[in-house]
Structure formats: structure tokens, C-alpha cells
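Working notes, beginning with the structure itself.
Scope of the values below: all heavy atoms of this structure, side chains included, with no hydrogens, waters or symmetry mates. Positions are given from 1 along the sequence.
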Amino acid sequence: MNGGTSATSGILVIDSRGVVFSLLRSLNLGVPLWRVTTRSDVADLDVGLAVFASYDAPDWTVLGDLAEHFTTVLVATAANHEDACHARKHFRSRRGNVR
């Protein structure tokens, strides 16, 4: 996987509430979007990008697993400085692909 998006691979959105998924869909990005509600719903998918919607404290275990398989974007609706610092430190050391 090259980490880029394409019309054939699309974007995986892990979103328990569907709010972020609806917003992304409204943008008409021109690529397929797939929504799942939990990480366990994801098998061996061929997607160019995973978007993880976090409405509370981010689940760093789930994010780490996603980053090992996909270029991953965390959309945190309750973002704070501590979480941002944690993400930078955690994923820099793991060489993950979290943005």
C-alpha cells in the first residue's frame, strides 16, 4: 500500500456515531467511502486511507493498529493538547502513519 488514496481503494471511516462520515460524504471527495462502527469490523481491506473518528479520549491501541496497516487520520471532536502530544510521541516512536 502506498498510503495514497485512489478511486479504486477509497477511504475507510471508523465512526461509531456517523457524524464524521456524514461530513466527509457531504464533501463529494470523488472516492468511495466505507463506514464501519468498530475496528473489529475491518478485515484485510485495501484502502488508501483510514479515518478514525474519536468523540471521547482516543483509543491509542486501536489507532496504533490502524496506523500499522493504513495511513490514518484521527478526527478528534474533543481534541486537547495532551492527546496531540501523545499522538506525536507514540506514533513517531512506532513509525506509524497517523496524521
* Asked: To the nearest 0.5 Å, what is the distance between NE2 (H86) and CG (L63)?
  ->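 One gets 8.5 Å once the value is rounded to the nearest 0.5 Å.
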* Nearest 0.5 Å, what's the CD1-CZ distance between I11 and F70? ->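 Reported to 0.5 Å precision, the distance equals 12.5 Å.
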What pairs of donor and acceptor atoms, side-chain ones from residues 49-56 against any protein atom, are under 3.5 angstrom apart with sequence neighbours left out?
{"from": "S54", "atom 1": "OG", "to": "D56", "atom 2": "O", "distance (Å)": "2.8"}
{"from": "Y55", "atom 1": "OH", "to": "D15", "atom 2": "OD1", "distance (Å)": "2.6"}
{"from": "Y55", "atom 1": "OH", "to": "D15", "atom 2": "OD2", "distance (Å)": "3.3"}
{"from": "Y55", "atom 1": "OH", "to": "V19", "atom 2": "N", "distance (Å)": "3.3"}
{"from": "Y55", "atom 1": "OH", "to": "V20", "atom 2": "N", "distance (Å)": "3.4"}

* Partners passing side-chain contact (heavy atoms from CB on, under 4.5 Å) against A84 (at least two apart in sequence or in another chain) ->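 If we apply the side-chain contact (heavy atoms from CB on, under 4.5 Å) test to A84, skipping adjacent residues, there are no hits.
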Side-chain donor/acceptor pairs under 3.5 Å, residues 22-29, sequence neighbours excluded:
{"from": "S22", "atom 1": "OG", "to": "G18", "atom 2": "O", "distance (Å)": "3.0"}
{"from": "S26", "atom 1": "OG", "to": "L23", "atom 2": "O", "distance (Å)": "2.6"}

* **Sequence-distant partners of D59, side chain to side chain donor-acceptor pair (under 3.5 Å), two or more places apart** =>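 Side chain to side chain donor-acceptor pair (under 3.5 Å) check on D59 returns nothing, list empty.
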* Asked: Any side-chain heavy-atom pair from W60 and L74 closer than 4.5 angstrom?
  ->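 They are in contact (side-chain heavy atoms under 4.5 Å apart), so the answer is yes.
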* **Heavy-atom pair with the smallest gap, counting every atom of W34 and F21** =>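 Reported closest heavy-atom pair: C-CE1, 4.1 Å.
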* Give a yes or no on whether the backbone of T37 and the side-chain of R17 come within a donor-acceptor separation of less than 3.5 Å. =>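 Answer holds: no.
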* Hey, could you give me each pair passing side chain to side chain donor-acceptor pair (under 3.5 Å) that has a residue in residues 73-84? Not counting sequence neighbours. =>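 Checked against side chain to side chain donor-acceptor pair (under 3.5 Å) - neighbours excluded - the pairs reaching residues 73-84 are N80-D83.
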